[in-house]
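Written below as structure tokens is the structure these notes are about.
Chain naming here is simple, since letters A, B, ... match the order of the sequence lines and numbering starts at 1 in each. Computed from heavy atoms alone, side chains included, the values below leave out hydrogens, waters and symmetry copies.
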Amino acid sequence: MLDLRLIREDPEAVARGLADRGGAELVKSVLDLDASRRRLVKESEELKALKNRASETIGQAKRRGEDPAAEMARMREVGERIKALEAELQRVDAELERVLLQIPNLPDPSVPPGTTEAQNVEVRRWGTPRAFGFIPRPHEELGEALGLLDFARAAKMAKSRFTVLWGAAARLERALTQFMLDLHTREHGYTEVWVPHLVNAATMQNNGLLPKFEEQIFKTLEADEGRALYMIPTAEVPVTALHTAEILSEPTLPRRYVAFTPCYRREAGTYGKDMKGMIRQHQFDKVELVKITTPAQSNDELESMVRNAEEVLRRLEIPYRVVLHCAGDMGFQAAKSYDVEVWLPGQGKFREISSCSNCEAFQARRAEIRYRAASGGKVDYCHTLNGSGLAVGRALIAVLENGQETDGSVTIPSVLRPYMDGLVRLTRPT
RNA sequence: GGAGAGGUGGCCGAGUCGGCCGAAGGCAGCCGCCUGCUAAGCGGUUACAGGGGCAAAACCUCUGUCCCGGGUUCGAAUCCCGGCCUCUCCGCCA
């Protein structure tokens, strides 16, 4: 959610910032609603002040043994008027919030303009794709041939976009997870947290996922609809929510958290897209990085977060590139975001394996995550950042495709072998 | 799931038959004084949000907030209803 005050004070700048991402047309209605809201607040507060003063004198009169009946009757009427004003105010507030929730975050000044993927900017590349000497196969072929990935059985018990991992593949999933968590906790200074995988509607809304992305999220069925829980589409949701409605002290910032959770996504509207293999699943594992910082720290912390995500692929010795999103290609909550794209020889292209975003105060404002400045004691909103460090399923794909050999076996990156009892190669079990 | 108890400021804790309670007292923090010794004493001070005034900061003022949401009342931390959470006992359970 954007700062209402900013919209009020400089609506043109806000509209300009939103030009590439949509929502600019909503600025006008925010302004109108805000104006009527303030009118209503003013009037009802004046009446309340009047009423409070009168109640005071009524109390005093009663204690003196007088009968302030006339005054009481008058205040009864004032009370009715206040009630009416508040009903109207509630309506306007709800509408204002509804509109505000539709507006995406403002891009950081360093974000390139543009409306589509084509205007994203590649910032750097690392590693050289292997020369295979044969045509590298996509992971789903490799995995099925090795008896490690089982799409048919997953579809039988659930539906498409689910996968069963057998034996060494299941182990590899766990090894990757463990490796990433160890790297981030031991070397990058993150604190590991374990969090709920189902959260309430308020938490989803504070994050920015509701109401905009309701159709992308799995939801539990409750007799009382208002108490439904949502399966997290990413650990970003519960981890960022950790400090909801808290005031953190500046010296404890930045907070750096890492969490491992499964992620659940409906993938509505992606029919036909990435249907093969386990690129796009309803359920996948992810190691997520979250930071809570002061406004001054956040952009530096974004840079180091991307580096932390990249480091995973460097240690796995898998090529990748880093892309800076243009304004129009960013997620709803992001002010600036980088994708790390891993090289997938089976597809012959780079595919997103991590997305690191600085949401600035967009989420913090909704969730009321604040900090008290070390000097001066001022309270202000924190900035929140999140990034995958990394998507485990896609990392597994990358390991399979990049490590494949002529005979269809797969060489395991050396950094993972300690987590696999020293296993060097995945081969077809005999 | 059943029965009971409870949710007050950074923490502890008091709030009578609803008014003078944004809330006693203690602790902690901050500022100052005093003191010359690893401490104590004295005085003051310390919540958050929103609106208005101000070019703005300081500041002034109003409103709201004693778990949350409704209600009763001229007036509610105090009464009523609903919800959430915590604790104890029982049941069930990985």
When you compare [N] with [M], how far apart are their [atom1] atoms, in angstrom units rounded to a whole number?
N      : M      : atom1 : answer
G2(B)  : G91(B) : C1'   : 8 Å
G75(B) : G18(B) : C1'   : 8 Å
U73(B) : G29(B) : P     : 48 Å
A3(B)  : C62(B) : P     : 48 Å
C67(B) : A14(B) : P     : 15 Å
G50(B) : G44(B) : C1'   : 30 Å
A28(B) : G22(B) : P     : 27 Å

I'd like a table of donor-acceptor pairs (distance under 3.5 Å, sequence neighbours excluded) in which one partner is a side-chain atom from residues 228-235 of chain A, with atom names and distances.
residue   : atom : partner   : partner atom : Å
Thr234(A) : OG1  : Glu236(A) : N            : 3.0
Thr234(A) : OG1  : Lys286(A) : NZ           : 2.8

Go nucleotide by nucleotide along RNA chain B from the 5' end; which of Ile58(A) and Ser44(A) gets its closest nucleotide reached first?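 Nearest nucleotide further toward 5': that of Ser44(A).
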First of Asn52(A) and Gly59(A) reached from the 5' end of RNA chain B, by closest nucleotide: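 Going by which nucleotide is closer to the 5' end, it is Gly59(A).
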Interatomic distance, [X] [atom1] vs [N] [atom2] [rounded to whole Å]:
X         : N      : atom1 : atom2 : value
Glu246(A) : C48(B) : CD    : P     : 16 Å
Asp3(A)   : G50(B) : CG    : C1'   : 13 Å
Asp380(A) : C48(B) : CG    : P     : 13 Å
Arg38(A)  : C62(B) : CZ    : C1'   : 16 Å
Lys62(A)  : U73(B) : NZ    : C1'   : 9 Å
Glu66(A)  : C74(B) : CD    : C1'   : 15 Å

Would you tell me if any nitrogen or oxygen in the side chain of [X] comes within less than 4.0 Å of OP1 or OP2 on [N]?
X         : N      : answer
Arg372(A) : C48(B) : yes
Arg5(A)   : G51(B) : yes
Arg8(A)   : G51(B) : yes
Arg39(A)  : G51(B) : no

Going by atom types only, do Gln297(A) and Thr294(A) share a side-chain donor-acceptor pair under 3.5 Å?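 Side chains of Gln297(A) and Thr294(A): pair found under 3.5 Å.
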Ion pair Glu77(A)/Arg81(A), N-O distance below 4.0 Å: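 No, Glu77(A) and Arg81(A) are not salt-bridged.
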Side chain of Glu45(A), base of G50(B): donor and acceptor closer than 3.5 Å?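 Side chain to base: pair found, below 3.5 Å.
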Can you classify the ring geometry of Tyr190(A) versus His188(A) as parallel (below 30°), tilted (30 to 60°) or perpendicular (above 60°)?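 Because their plane-to-plane angle is over 60°, the rings of Tyr190(A) and His188(A) count as perpendicular.
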Ring-plane angle category for His282(A) and Phe218(A), please: parallel below 30°, perpendicular beyond 60°, tilted otherwise.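 His282(A) vs Phe218(A) ring planes: perpendicular.
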What residues from residues 70-90 of chain A pass a heavy-atom cutoff of under 4.0 Å to RNA chain B?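 Within this stretch, Met72(A), Met75(A), Arg76(A), Lys83(A), Gln90(A) sit under 4.0 Å of the strand.
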Inter-residue atom distance Arg394(A).CZ - Met278(A).CE, 0.5 Å rounding: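 Nearest 0.5 Å value for the CZ-CE distance: 10.0 Å.
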Does Cys359(A) offer a backbone N or O that forms a donor-acceptor pair with the side chain of Asn105(A) under 3.5 Å?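 Yes; judged by distance alone, with no hydrogens or angles, the pair exists.
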May I ask you to check whether over 12 heavy atoms, not counting those of Gln90(A), lie within 6.0 Å of atom CD?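 Result for CD/Gln90(A): open.
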